[in-house]
Structure formats: C-alpha cells, structure tokens
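Heavy-atom basis, side chains included; hydrogens, waters and symmetry copies ignored. To find a chain, count down the sequence lines: A is the first, B the second, and so on, and within it residues start at 1. Computed from a predicted model, the values in this text were never measured in an experiment.
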Amino acid sequence: MAENTNESNSGENTKSLDFVRSIIAEDNKTGKHESRVHTRFPPEPNGYLHIGHAKSICLNFGIAQEFEGLCNLRFDDTNPVKEEQEYVDSIQEDIRWLGWGWEDRLYFASDYFGQMYDWAAQLIKNGKAYVCDLTAEETREYRGTLTEPGKNSPYRGRGAQENIELFEKMKNGDFPDGTKTLKAKIDMSSPNMNMRDPVMYRILHATHHRTGDKWCIYPMYDWAHGLEDSIEKITHSICTLEFEHHRPLYDWFLDQLEIFHPQQIEFARLNITYTVMSKRKLLELVQQNHVLGWDDPRMPTISGMRRRGFTPASIRDFCKTVGVAKFNSTIDIALLEHCVRKDLNDHAPRVMAVLDPLKVVIENYPEGQTEELEAINNPNDPSAGTRSVPFSKVLYIEKTDYMENAPRKFYRFTEGREVRLRYAYFVTCNEAIKDENGEVVELRCTYDPATKGGDAPDGRKVKGTIHWVSAEHAVDAEVRLYDHLFTKENPDDTEEGENFTANLNPDSLKVLTNCKLEPSLANTEPDFYCQFERTGYFCIDKDSTPENIVFNRTLNLRDTWAKIQKQQKK
RNA sequence: UGGGGUAUAGUGUAAUGGCAGCACGACAGACUCUGAAUCUGUUUGUCUAGGUUCGAAUCCUAGUACCCCAGCCA
C-alpha cells in the first residue's frame with residue numbers, strides 16, 4: 001500500500017487506538033464486511049491539496065495499510081464548473097510524493113454517472129423521487145428555516161411515469177439550466193434540513209473535464225457519494241465533521257436502493273495556528289497575489305511545503321502525531337515545525353554558508369595561502385562522511401556574530417575575545433573597522449596556528465564557535481527566508497469589516513541576495529537540501545540556476561541566543 | 001430560540017469504574033567544535049453543580065460553553 005513509509009502498527013495490537021481505528025478494529029473482530037477494510041480518499045479536483053488533506057490521506061491510506069486492507073483514490077468530480085484536469089494531476093502527484101500509492105485503484109465518480117442515473121430511475125419508480133419545477137429561490141423558500149418546517153413542493157405529487165419521462169428529458173438536454181431538479185421525496189418537516197427533499201440532480205449544460213458534453217445533469221454530493229462508496233465496496237467512509245448531519249441522508253439513499261452499505265465516520269478537520277486551511281481562502285491568496293502561487297513556500301499546500309523543503313516523512317509524522325478525534329482543535333504550528341526539524345536533523349548534510357556577510361581579515365595568516373580543512377557532514381550520521389573546506393586570509397562571517405561592547409553572555413566576536421572558527425582555528429578579534437556611517441565593515445583578527453582543526457594543544461577552551469566562508473572561494477547565492485504567513489494565531493481574528501488578509505505578515509518573505517556559500521555548494525541537484533550550520537535548514541528552489549543559485553530556508557534552527565536577546569529587550 | 005456534535009495542562013491527545021499518562025511548548029540545568037541536536041528536571045489539566053459508588057475523566061440528572069446545518073457546492 002504505502003510505498004516508502006516506515007510507520008507500521010498492526011490494527012490489532014493493544015496500543016490505544018483513535019476512535020476511528022477502534023471502530024474498525026471492532027468491526028474486524030465481529031466480522032462485519034467479512035473483516036475486510038477498504039477506505040478511500042475522495043478529493044474534488046477543484047484545487048490543490050493542503051496539509052489538512054494530508055491528514056485525511058494519512059488516515060485513509062494509513063488505516064488500509066495497518067489493517068491490511070485497500071485504499072482507493074477517487075476523484076469526486078460531480079461539478080464540472082469547478083473542476084479541472086490540472087487539479088487531477090497535481091493531486092495525484094502530491095499523494096504519491098507523500099509516499100502513498102493506489103495501484104490500479106484510481107476511480108472517478110464520473111465513471112459511475114450511468115449507474116447513478118439508473119438508480120435514480122429506480123427511486124422514481126418506487127415513488128421516492130420526483131422532478132421538481134421550483135426555481136432555486138423557490139426551493140429555498142419551500143425548505144423552511146432551522147426552526148420552522150418546510151412545505152411540500154407543488155410538484156411532489158407527480159406520478160412515476162410523468163417523473164420518469166421528465167427525468168429522461170432532463171438528461172436529454174430538453175430543459176435549460178436551473179429549470180428543473182430531481183429531488184428525493186423524504187420529509188419537508190424534518191428537523192434535519194438535509195432530509196427536506198434534497199436535490200439529487202441539477203441541470204448543468206457544462207463541459208466536464210472527463211465526460212465532455214455527454215451529460216447535462218449532474219448528481220449532487222449527497223446523492224452521489226454513498227453510491228460511489230457502495231460501488232467500490234468501501235467498508236468505512238471517513239469524512240470530516242461537517243458531514244455528520246448528512247449521514248442520515250447517506251444512509252437513507254443506500255437503504256432505499258438496498259445496495260452495499262458502507263459506514264460513514266466523521267472526524268475533525270485539521271487547523272493550524274498562523275495559517276488558513278480553506279480552499280476558498282487559499283485561492284484568494286493566490287488570485288490576489290498575496291503569495292506567488294499555489295506552491296509558494298509559505299502556503300500550507302502540499303506543493304508549497306514540498307518547495308519549502310518539508311519532507312514527506314515529516315508530514316506523515318505530523319499527521320500521526322496530531323491524532324484523530326471529533327474535537328474541533330487547532331494545532332500549534334510549532335508541532336509541525338518540530339516534526340520537520342526532527343527529520344531534517346537526522347538526514348540533512350551540514351554545510352557552512354554566510355547569509356549576511358562581514359569581512360574578516362586574519363592579519364597574521366600568510367598572504368595567498370589556502371588550506372583544505374576537514375569538515376564533518378553530519379554529526380548525527382557518521383556514514384555521511386567528511387568533506388574539505390578551503391580556508392584563507394580573508395573570510396566572511398555573519399554580521400550578527402560580531403558585537404561592539406558585548407555582554408559576557410555573548411560568545412562570539414568582540415574586541416579581545418577568542419572564538420573558534422568551526423573546523424579551522426582559534427581567532428581573536430583585534431579591531432573593528434567602520435565606514436563613514438559608523439557601521440562595522442571589517443574585522444581585523446589574528447589566529448593561533450597551533451589550533452588548526454579547532455582544538456588547542458594547551459587544552460584551553462573557547463565558548464563560541466562560529467561558521468565562516470573563505471572569501472576567495474565563496475559561491476554567491478540568493479537566499480529566501482520565510483516566516484509565518486500571518487501575524488495572528490488565528491488569521492480570522494479581525495477587526496469589524498476586515499478580511500483575514502488584514503493579518504498577513506508583511507515580513508513573511510525576505511530575499512537576501514549577497515549570501516556566501518562554501519564552494520561545495522556550487523553544483524547541487526535540484527532537490528538538494530542541507531543544514532547551514534547554526535542558521536537553519538535550506539533547500540534548492542526551483543528558480544535556482546547555475547548562474548543564480550537560489551536557496552529556500554525551510555526552517556531556522558532553534559535559537560536560544562535570539563530568545564535571550566528578546567527577553568532582554570522586554 | 002429546531003436538529004446534530006464536542007468539552008482532559010498553554011496546544012493537542014491517551015486513560016472505557018481502580019495511581020490522570022504522552023507529545024509539543026514554556027522554564028531550569030547538564031553536555032556540546034552548531035547558543036542546534038542530545039540528556040535531566042520543573043511547571044500547569046478532567047467545563048459547572050448535584051447524584052450513584054468503597055472508588056467517577058469515565059455512569060446518572062440538570063446546567064454552561066463552543067462547533068456544524070437553511071447551495072441547484074463538496
């Protein structure tokens with residue numbers, strides 16, 4: 001089932017299961033559905049997948065894997081005016097990238113339109129459905145309100161034969177859009193609005209991305225979805241909470257038809273702080289150019305997170321960690337970031353790169369000399385080996401690694417303080433040279449030749465170790481820094497009359513163009529990712545070219561010093 | 001004020017009548033050639049009020065708060 005997932009836990013073990021898995025384990029035990037487990041992920045191809053979908057994907061494909069069952073990918077393409085092939089393609093790419101597969105079980109609701117039509121005719125013959133001539137507005141009026149019952153449509157009493165004929169004419173395109181619907185005959189006074197004669201088919205003279213102009217009537221979700229599940233012999237139809245009060249209708253259709261009856265189970269959708277999760281809002285961000293596209297690295301879309309450098313394993317880990325329940329919760333984005341850092345920490349090779357360069361001259365280092373120093377690729381993974389990094393008289397370090405009149409707690413460069421250049425030497429700063437504006441532009445330093453490699457033979461210690469890049473050998477690059485897309489935990493927390501976009505973070509993207517990389521980064525693969533030591537995790541952006549190397553910052557490293565500074569400012 | 005749901009630490013999530021646990025966060029310390037990682041410790045919780053019981057997060061009763069539903073969207 002899953003192509004490269006490590007997570008495995010048998011659905012039968014005694015570990016605590018979430019409520020969905022508990023239901024399934026129980027059904028398995030009692031032999032319901034012959035102890036078969038078959039789930040499905042049923043996206044509508046009307047947008048890009050986001051992290052909320054990933055939760056559902058991991059749930060459905062994960063359950064199938066754990067219970068040794070199957071999970072189908074099914075496009076719920078019942079509304080041609082909103083759906084496009086582009087989305088069909090991107091959705092498949094994203095699910096595969098996440099590490100899941102569906103073998104030959106790729107299905108489309110549109111392939112079932114014929115069967116659905118026949119079943120509708122059956123309901124009509126049984127007096128359970130009728131063609132209604134009410135307009136959309138009239139239908140709304142007849143439906144009643146939350147506290148008042150609706151009233152029967154004047155067309156409710158049409159005979160079966162008349163209904164059949166009208167329905168066939170609807171199918172044949174004899175009526176314009178919106179003039180007729182097929183409705184289920186249930187109960188206009190039901191306290192559940194969904195049961196007040198819900199629409200099963202509407203007339204839509206629209207070209208469908210798969211069936212073309214073959215159909216001009218299209219089934220509504222409530223009518224279609226259970227049938228799709230039933231046709232595919234789905235045992236457990238897992239969906240989100242808002243479908244809870246659609247379940248009686250889901251059940252009603254299947255009962256009337258007396259066909260295979262899957263069990264619908266609802267769970268709470270995923271919410272995360274500092275971002276939005278509705279397709280509508282994501283679309284608005286894209287269309288109003290608040291972001292650069294669906295795959296903007298700040299977006300919570302799968303494609304955005306992929307471009308940002310989040311790994312499939314970390315997203316799967318996150319989805320597993322957040323759990324499954326019916327409580328409407330909001331997950332702290334720090335948990336997502338934790339899962340990403342955890343995976344990257346294990347696998348990302350370390351390199352040195354300077355984002356905001358400050359020139360350093362080692363005054364007592366021989367002019368024109370270059371030494372190759374050995375650097376460890378991943379301290380957490382000895383098998384990653386080592387590489388050599390060139391050292392010379394003129395270097396770059398981060399501007400933030402020097403401070404004038406630094407406090408004792410500042411372990412980096414300040415006049416007279418000895419620090420270690422990682423894998424290189426102990427170096428002492430003698431003087432900071434300033435430009436006419438008083439800004440520090442260069443550090444004059446001396447090194448201790450006896451400390452080559454980074455250790456002092458006399459055993460003396462230094463508190464600080466900083467990264468550096470040899471100026472002569474440095475590779476230039478552009479680096480894009482990302483931060484939360486919104487400044488508020490809940491972007492919908494707005495002033496009266498404001499839209500969630502009022503909470504957009506103006507600093508969510510910062511582009512740095514004068515970054516200096518160690519030379520090993522001159523040629524990298526398109527999907528290369530790494531850790532810039534002491535800075536964060538980075539990956540090559542799709543905009544990167546050999547002439548203009550572009551890195552995205554996936555996430556910064558946790559930064560205790562920044563935290564201390566922030567506290568002192570308060 | 002119709003109906004359907006849900007309430008456990010700052011945020012999530014376990015415990016199915018028997019010691020309220022875990023993760024993330026926060027805080028403190030150890031270690032450190034990444035102020036990272038790692039390790040150790042601390043902190044904070046059963047929505048409220050009654051009841052049943054030797055014993056209640058769990059069962060009962062009554063409240064409270066929040067979410068969802070009046071598309072020919074899904």
Point to revise | Partner nucleotide, any strand, of rA65(B) [Watson-Crick/G-U, under 3.5 Å] | key: rU6(B)
Exercise for review: For the side chain of P379(A), starting at C-beta, report the closest nucleotide among rG25(B), rG71(B), rU34(B).
Suggested key: rU34(B)
Check your understanding: Between R21(A) (CZ) and rU13(B) (C1'), how many Å, whole number?
Key -> 13 Å
Check your understanding: Whole-Å distance between rA36(B) P and F538(A) CZ?
Key -> 17 Å
Review point. What does T78(A) touch in the nucleic acid at a heavy-atom separation under 4.0 angstrom: a base, only the sugar-phosphate, or nothing?
Key: sugar-phosphate
**Study point:** Distance between C1' atoms of rG17(B) and rG55(B) (Å, rounded)
**Key:** 8 Å
**Study point:** Intermediate values then yes/no, ring pair (Phe, Tyr, Trp, His ring centres under 6.0 Å), Y425(A) and Y447(A)
**Key:** CA-CA 6 Å; Y425(A) 293 98; Y447(A) 83 120; 4.7 Å; yes
Practice item. Describe the nucleic acid contact of K342(A) in one word from base, sugar-phosphate, nothing, applying a heavy-atom distance below 4.0 Å. Key: nothing
Check your understanding: Does any N or O in the side chain of E266(A) come within less than 3.5 Å of the main-chain N or O of H245(A), such that one atom is a donor and the other an acceptor?
Key -> no
Exercise for review: Could you please name the option among rG35(B), rC27(B), rU32(B) that lies closest to any side-chain atom of Q567(A)?
Suggested key: rC27(B)
Review point. Between F19(A) and N194(A), who's closer to the 5' end of RNA chain B by nearest nucleotide?
Key: F19(A)
Check your understanding: Touch check for I217(A), heavy atoms < 4.0 angstrom, all strands: base, sugar-phosphate only, or nothing?
Key -> nothing
**Study point:** From rA36(B), rG35(B), rC72(B), nucleotide with atom closest to R202(A) side chain
**Key:** rC72(B)
Review point. Under 3.5 Å, is there a donor-acceptor pair between the N194(A) and N192(A) side chains?
Key: yes
Review point. Can you tell me the Watson-Crick or wobble partner of rA28(B), both distances under 3.5 angstrom?
Key: rU40(B)
Review point. At under 4.0 Å between heavy atoms, what does V324(A) touch on the DNA or RNA strands: base, sugar-phosphate, or nothing?
Key: sugar-phosphate
Practice item. Determine the interatomic distance between C1' on rA9(B) and the same-named atom on rC24(B); round to the nearest Å. Key: 12 Å
Review point. Quick one: M200(A) CE to rG71(B) C1', roughly how many Å, whole number?
Key: 17 Å
Check your understanding: For the base of rG35(B), is there a side-chain donor-acceptor partner from R412(A) under 3.5 Å away?
Key -> yes
Exercise for review: For rG10(B) versus rU44(B), give the span between their C1' atoms, rounded off to a whole number of Å.
Suggested key: 8 Å
Review point. Atom NE2 of H347(A) and atom P of rA37(B): how far apart are they, to the nearest Å?
Key: 16 Å
Check your understanding: Do the non-hydrogen side-chain atoms of E337(A) and H484(A) ever get within less than 4.5 Å of each other?
Key -> yes
Review point. Do Y221(A) and H225(A) have ring centres separated by under 6.0 Å?
Key: yes
Practice item. Identify whether any heavy atom of Y423(A) sits under 4.0 Å from a base atom; if not, whether one sits that close to sugar-phosphate; answer base, sugar-phosphate or nothing. Key: base
Check your understanding: Rounded to the Å, how far apart are K463(A) NZ and rG35(B) C1'?
Key -> 9 Å
Review point. Does K183(A) place a side-chain N or O at less than 4.0 Å from the phosphate oxygens OP1/OP2 of rC72(B)?
Key: no
Review point. Using the C1' atom in both, what is the distance from rG41(B) to rU46(B), to the nearest Å?
Key: 25 Å
Review point. Is the shortest side-chain N/O distance from R143(A) to OP1 or OP2 of rC72(B) below 4.0 Å?
Key: yes
Check your understanding: For rA20(B), what is the paired nucleotide under Watson-Crick or G-U wobble rules, both distances under 3.5 Å?
Key -> none
**Study point:** Per-pair stack call Y221(A) and rA74(B), 5.5 Å, 30°
**Key:** no
Point to revise | Residues D346(A), R341(A): salt bridge by 4.0 Å N-O rule | key: no
Exercise for review: Round to the nearest Å and state the distance from R422(A) atom CZ to rU32(B) atom P.
Suggested key: 14 Å
Point to revise | Which nucleotide in rA15(B), rC72(B), rC73(B) has an atom nearest any side-chain atom of S16(A) | key: rA15(B)
Practice item. Can you tell me, in whole Å, how much space there is between the C1' of rG12(B) and that of rA26(B)? Key: 15 Å
Practice item. Indicate whether OP1 or OP2 belonging to rU34(B) is found under 4.0 Å from a side-chain N or O atom of H467(A). Key: no
Point to revise | Ring-face cation contact, Y130(A) with K183(A), 6.0 Å cut, 45° max | key: no
Study note, to complete from the structure: Judged by nearest nucleotide, the residue sitting upstream toward the 5' end of RNA chain B, W561(A) or D77(A), is W561(A)
Review point. Can you check rG71(B) for me, syn or anti if syn means within 90° of 0?
Key: syn
Review point. Quick one: which of rU1(B), rA37(B), rA70(B) gets closest to the side chain of N345(A)?
Key: rA37(B)
Exercise for review: Select base, sugar-phosphate, or nothing to describe what D177(A) touches, counting heavy atoms under 4.0 Å on all strands.
Suggested key: nothing
Review point. When the aromatic ring centroids of W468(A) and F391(A) are compared, is their separation below 6.0 Å?
Key: yes
Practice item. With the side chain of E44(A) defined as its heavy atoms from C-beta on, choose the nearest nucleotide among rU34(B), rG2(B), rC73(B). Key: rC73(B)
Practice item. Encode nucleotides 3-12 of chain B as B, S and - characters from 5' to 3', where the letter depends on protein heavy atoms closer than 4.0 Å: B to the base, S only to sugar-phosphate, - to neither. Key: B-SS----SS
Point to revise | rU40(B) and rG35(B), which share atom name P, separated by this distance in whole Å | key: 22 Å
Exercise for review: Provide the distance between the two P atoms, one in rA23(B) and one in rC39(B), to the nearest whole Å.
Suggested key: 10 Å
Exercise for review: Select base, sugar-phosphate, or nothing to describe what E148(A) touches, counting heavy atoms under 4.0 Å on all strands.
Suggested key: nothing
Exercise for review: Answer yes or no: is there a donor N or O on one side and an acceptor on the other, between the side chain of K151(A) and the main chain of Y142(A), under 3.5 Å?
Suggested key: no
Exercise for review: Rounded to the nearest angstrom, tell me the gap between atom CG in D346(A) and atom C1' in rU38(B).
Suggested key: 11 Å
Review point. Between rU11(B) and rG4(B), how far is it from one C1' atom to the other, in whole Å?
Key: 27 Å
Exercise for review: Can you label the angle between the H50(A) ring and the H53(A) ring as parallel, tilted or perpendicular, going by 30° and 60°?
Suggested key: tilted
Exercise for review: Please work out if H225(A) contacts a base, only the sugar-phosphate, or nothing of the nucleic acid, heavy-atom cut-off 4.0 Å.
Suggested key: nothing
Practice item. Give P45(A) one of three labels, base, sugar-phosphate or nothing, depending on what nucleic acid heavy atoms sit under 4.0 Å from its own. Key: nothing
Exercise for review: Can you tell me the distance, in whole Å, between the CZ atom of F318(A) and the C1' atom of rU13(B)?
Suggested key: 13 Å
Check your understanding: Do the ring planes of W215(A) and Y117(A) sit parallel (below 30°), tilted (30 to 60°) or perpendicular (above 60°)?
Key -> tilted
Check your understanding: Are OP1 or OP2 of rG35(B) and a side-chain N or O of R534(A) less than 4.0 angstrom apart?
Key -> yes
Point to revise | Minimum side-chain heavy-atom gap T240(A)-F267(A) below 4.5 Å | key: yes
Review point. If you check the R140(A) side chain, which of rA70(B), rA26(B), rA74(B) turns out closest?
Key: rA70(B)
Practice item. Kindly say if R558(A) contacts the phosphate of rA37(B), meaning a side-chain N or O under 4.0 Å from OP1 or OP2. Key: yes
Exercise for review: State which of rA14(B), rA74(B), rU34(B) makes the closest approach to the side chain of D18(A).
Suggested key: rA14(B)
